[in-house]
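Source: prediction; values computed, not measured.
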Amino acid sequence: NAPGTLSVYTGKGRWYAPLDLEIESIKVSSGTAPTGQSIVVDFNRNGASSFTNQANRPLIYAGSNTSAVVSPGVALLEEDEYLTVDIAQVGSTFAGSDLVVVIQMKEQVL
């Protein structure tokens, strides 16, 4: 979660996988909708984007408060690998605020 008015940000806080996981879906929401442009969020696995097609990253359209549910191109996360979250775009007239990130995962069955 990112409380307050959003700004472009490169995530430094790491979340480490406690076991082998698969990211099933990602959804982001904002308390205040952006105006002018969309909010664009990227998810990085071990420092590289999980989205092989950058156009598929979760985004909250201007005037809206929630993104569609998306799936990353690289969905497997092995034990002790990490995720970070970047905010790539926040809106151009007014930035959105109070970002909430929901990631649905399941245990990898090998």
Side-chain angles (χ1 to χ4, degrees):
N1 297 340
T5 302
L6 299 177
S7 59
V8 173
Y9 175 79
T10 301
K12 303 212 180 344
R14 295 178 178 185
W15 178 84
Y16 287 88
L19 52 113
D20 292 349
L21 297 169
E22 180 179 351
I23 300 171
E24 292 185 309
S25 65
I26 298 170
K27 184 174 185 172
V28 294
S29 300
S30 63
T32 303
T35 60
Q37 290 183 320
S38 304
I39 294 171
V40 180
V41 182
D42 199 0
F43 294 81
N44 302 304
R45 179 181 156 267
N46 299 323
S49 180
S50 293
F51 289 89
T52 51
N53 181 347
Q54 293 291 288
N56 293 338
R57 296 179 295 179
L59 60 93
I60 300 172
Y61 289 106
S64 182
N65 291 84
T66 190
S67 73
V69 174
V70 297
S71 296
V74 180
L76 301 180
L77 190 64
E78 294 180 12
E79 183 176 358
D80 295 329
E81 291 186 323
Y82 66 90
L83 287 178
T84 58
V85 177
D86 296 343
I87 302 172
Q89 185 173 291
V90 297
S92 57
T93 307
F94 291 104
S97 67
D98 302 321
L99 187 71
V100 175
V101 174
V102 177
I103 304 172
Q104 184 173 346
M105 298 183 187
K106 68 177 181 181
E107 186 175 353
Q108 284 185 42
V109 180
L110 303 176

For residues 6-19, dump all side-chain donor-acceptor pairs below 3.5 Å to protein atoms at least two apart in sequence or in another chain.
{"residue": "R14", "atom": "NH1", "partner": "Y16", "partner atom": "OH", "Å": "3.1"}
{"residue": "R14", "atom": "NH2", "partner": "Y82", "partner atom": "OH", "Å": "3.3"}

Side-chain donor-acceptor pairs of residues 22-29 under 3.5 Å, sequence neighbours excluded:
{"residue": "E24", "atom": "OE1", "partner": "Q104", "partner atom": "NE2", "Å": "3.2"}
{"residue": "S29", "atom": "OG", "partner": "T66", "partner atom": "OG1", "Å": "3.1"}

Donor-acceptor pairs under 3.5 Å, side chain of residues 93-101 to any protein atom, not counting sequence neighbours: which ones?
{"residue": "S97", "atom": "OG", "partner": "T32", "partner atom": "OG1", "Å": "2.8"}
{"residue": "D98", "atom": "OD1", "partner": "G4", "partner atom": "N", "Å": "2.6"}

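Atom CD in Q89 sits 9.5 Å away from atom CD1 in I39 (nearest 0.5 Å). Note: E81 CD to N46 CG = 4.5 Å, rounded to the nearest 0.5 Å. Atom CD of E107 is separated from atom CE of M105 by 13.0 Å, given to the nearest 0.5 angstrom. Here OG1 of T84 is found 4.0 Å from CG of N44. Values are rounded to the nearest 0.5 Å. Between the OG atom in S50 and the CG atom in L83 there is a gap of 6.0 Å [rounded to 0.5 Å].
Of all the heavy atoms in G63 and A33, the pair that sits closest is C-CB, 3.6 Å. Heavy atoms only, all atoms of each residue included: P3 and N1 are closest at CD-O, 3.7 Å. When every heavy atom of S38 is checked against every heavy atom of A62, the shortest pair comes out as OG-N, 3.8 Å. In this structure, T52 and G73 approach most closely via the heavy-atom pair OG1-CA, 3.8 Å.
Residues in residues 67-80 take part in no side chain to side chain donor-acceptor pair (under 3.5 Å) pair, two or more places apart or across chains. For the ring-ring contact (aromatic ring centres under 6.0 Å, His included) condition, no pair includes a residue of residues 19-53, sequence neighbours left out.
One N or O on the side chain of N65 and one on the backbone of S30 form a donor-acceptor pair closer than 3.5 Å. Checked by atom type and distance alone, the side chain of R45 never pairs as donor or acceptor with a backbone atom of A75 at under 3.5 Å. Using a distance-only test at 3.5 Å, with no hydrogens or angles considered, a donor-acceptor pair links the side chain of N53 to the main chain of A55.
Applying the 4.5 Å side-chain rule to ILVMFWY residues, one finds V40, L59 in the same cluster as Y61.
The same ILVMFWY cluster, assembled from side-chain heavy atoms under 4.5 Å apart, contains both L21 and V70.
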